[in-house]
Amino acid sequence: MARIVALHTHDVRFPTSQTLDGSDAMNPDPDYSAAYLRLVTDAGDGLEGHGFVFTIGRGNDVQVAALRTLEGHLLGRDVDATLADLGGLWRELVHDSQLRWLGPEKGIMHMAIGAAVNALWDLRAKREGKPLWQLLSSLTPEEIVDLVDFRYLTDALTRDEALEILRAAQPGRAEREARLVSEGYPAYTTTPGWLGYDDDKLARLCREAVEDGFRQIKLKVGADLDEDLRRLRIAREVCGPDVGIAVDANQRWDVGDAIAWVERLRPFDLAWIEEPTSPDDILGHAAIAKAVAPIPVATGEHGANRVLFKQLLQAGALSVLQLDATRVAGVNENVAILLLAAKFGVRVCPHAGGVGLCEAVQHLAMFDFVAVSGTTEDRMIEFVDHLHEHFVTPVDVHSGRYFAPKAPGAGTEMHASSLAEYAHG
Ligand SMILES: [Mg+2]
């Protein structure tokens, strides 16, 4: 019987603030980082489970310390039994009677659990010889709902309703999987839009994005209205009228400011306004959504858990749900969020970028297409062209689309050389 015999952690930081990659109205100098976890077994097959939490620098050591608190839960576990019941494992970790005090179900401890859960999914997918999206898409509706903790969700989504959604999508799975493999999944790019880039670089990157086949770009806004208007004018001129331009305020505004500011940007035909205010302010998002309609409100990258997403959906506070691979407690909670989005008929456009977020989140969007929502209409995964070279199976994005990974695993494994070279401290 194989057991988990070691949990290794790494504090990995990339000096991205030197080039202002990733700079926005609230995060002017991010150093993209990962609190990284490796689970080792004694199975003798050489396979490890890798997962991480994305952070932007300071505090990554605190996130690593949170990973270490899970040692007692994970070391010594029977590998087969654990991987066969990842829903049970999720509940055990999230509802730990002492750890839950640190949230509950939000923040550093919750994200640490997410990294462990994702590492276990990585291990399971490698052992089954499938990329994660395909593994998830091959599960029965009953197996999928068993992954989800419906506690706190049943006023919006019951287990039976989730089963209904999944069963309705079952007949078309094979056809959609074939389409996904041949055509890929739509992407949009944030590469041109960082606030720290000058106008020439903005124009050049917009031009390149359109030439590369992207149908939507995203610009950071919210620091200075005149600059936003100037940058939007440049982007609209270069991209033309047919390419979508979304804007992202990264939580910069109060509710009233958001409404007034977006009103000024309205002439540029915005694809959406992202994170206009505090990610926890559900009623604020609802007020903004109502005031700026029909401009869609997007949020989710800082959405702490499935309960918050439930409320955003119930309140009509968002119309673009931006799932994040490492913000909530891993694959299982994201499956719950995908099911909630399907129930409410809201499109999912995952958040990515950072380090490894594109590699990780694509699996969830692809699973959603094959087995949950059954559609890619108006949906796209964010793409940022940074740091992919550090991953063993980097994303394949071309012609404005993500092409489905074929390699077994969850896409979360970084090269050992990168872990060593960018080790902090
Ligand atoms: Mg954003």
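In this chain, numbering begins with 1 at the start of the sequence shown. For ligands, and for the atoms within them, numbers begin at 1 and follow the listed sequence. Every value quoted in this text rests on a predicted model; they were computed, and no experiment measured them.
Ring-centre distance between Tyr185 and Trp133: not below the 6.0 Å cut-off.
In this structure a side-chain-to-backbone donor-acceptor pair under 3.5 Å is missing from Arg230 to Asp199.
Listed by chain and number, the residues in a side chain to side chain contact (heavy atoms under 4.5 Å, CB included) with Asp226 are Asp224, Leu229 (sequence neighbours excluded). Partners of Pro394 according to the side chain to side chain contact (heavy atoms under 4.5 Å, CB included) rule, which considers only residues two or more places apart in sequence or in another chain, are Glu359, His388.
Protein atoms that are N, O or S and lie under 2.8 Å from the Mg ion (ligand 1) are these: Asp248 OD2, Glu274 OE2, Glu301 OE1.
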N/O donor to acceptor pairs below 3.5 angstrom from side-chain atoms of residues 174-182, sequence neighbours left out:
| residue | atom | partner | partner atom | Å |
| --- | --- | --- | --- | --- |
| Arg176 | NE | Phe369 | O | 2.9 |
| Arg176 | NE | Val370 | O | 3.2 |
| Arg176 | NH2 | Ala169 | O | 2.6 |
| Arg176 | NH2 | Val370 | O | 2.7 |
| Glu177 | OE2 | Gln134 | NE2 | 2.6 |
| Ser182 | OG | Ala178 | O | 3.3 |
| Ser182 | OG | Arg179 | O | 3.3 |

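Residue Lys201 places its NZ atom among more than 12 non-hydrogen atoms of other residues, nucleotides or ligands, all under 6.0 Å distant.
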